[in-house]
Amino acid sequence: MGRTYGVPRSAKGESRFLYIFTIKSTITSIGGAAIGFIFYLIFSILGLKTIGFIFIGLCAVLGYCIGTFSIPDSPLVGNLRKAGGEKISEILLRTITFGKRKKIYVYREGEKK
């Protein structure tokens, strides 16, 4: 008889720390907080530091949501029905790369391709 090997339950196995943060969600949270820090600088010039801190928190939470959550697989989401189960970050990345690579091809009648 051959040997048996244990198969891990989670083959993906993203490492987590503080129970909710993965590497991807941490990076997107820090990126969101960096964007919020720009708003903080603007509001601190105007003397509204509290509102600036609120913007940092909101942008960090938005970054966490983008890095963690996925589109639900439900008929209620309308146009995003085909994207059910995909991560929001992957969809945004695909949208950005499509916008950069968008090419327009013009074919004239009788012209070879």
Side-chain angles (χ1 to χ4, degrees):
M1 276 272 138
R3 287 185 158 184
T4 59
Y5 297 98
V7 177
R9 288 181 182 251
S10 175
K12 258 185 173 176
E14 269 194 67
S15 60
R16 293 181 177 263
F17 56 95
L18 295 178
Y19 191 68
I20 61 169
F21 287 105
T22 61
I23 295 170
K24 185 184 218 179
S25 66
T26 304
I27 291 171
T28 55
S29 296
I30 291 171
I35 292 170
F37 185 72
I38 295 169
F39 287 107
Y40 168 76
L41 292 176
I42 293 168
F43 283 116
S44 66
I45 291 171
L46 298 173
L48 303 169
K49 288 187 178 185
T50 307
I51 295 175
F53 282 125
I54 292 171
F55 265 94
I56 290 174
L58 287 175
C59 290
V61 168
L62 182 65
Y64 175 78
C65 292
I66 288 172
T68 303
F69 298 129
S70 59
I71 301 289
D73 194 14
S74 171
L76 300 176
V77 291
N79 292 338
L80 298 174
R81 194 175 354 199
K82 293 180 182 176
E86 289 188 58
K87 297 277 187 184
I88 296 173
S89 60
E90 294 173 3
I91 293 171
L92 287 176
L93 184 64
R94 200 172 336 141
T95 303
I96 291 168
T97 55
F98 175 76
K100 288 182 179 179
R101 296 182 188 176
K102 188 169 41 175
K103 296 179 182 177
I104 298 173
Y105 296 99
V106 178
Y107 296 107
R108 293 191 180 95
E109 194 174 321
E111 192 175 298
K112 289 188 177 182
K113 296 179 186 176

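For the single chain, residues carry numbers from 1 onward in sequence order.
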Just distance, no hydrogens or angles: give the donor-acceptor pairs under 3.5 Å from side chains in residues 27-34, sequence neighbours left out.
residue : atom : partner : partner atom : Å
Thr28   : OG1  : Lys24   : O            : 3.1
Thr28   : OG1  : Ser25   : O            : 3.1
Thr28   : OG1  : Gly63   : O            : 2.8
Ser29   : OG   : Ser25   : O            : 2.7

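- A search for side-chain contact (heavy atoms from CB on, under 4.5 Å) contacts involving Leu92 returns Ile66, Ile88, not counting sequence neighbours.
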Give the table of side-chain donor-acceptor pairs shorter than 3.5 Å for residues 35-62, with sequence neighbours excluded, one pair per line with atom names and distance.
residue : atom : partner : partner atom : Å
Ser44   : OG   : Tyr40   : O            : 3.2
Ser44   : OG   : Leu41   : O            : 2.9

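- The closest donor-acceptor contact from the side chain of Lys87 to the backbone of Thr68 lies under 3.5 Å.
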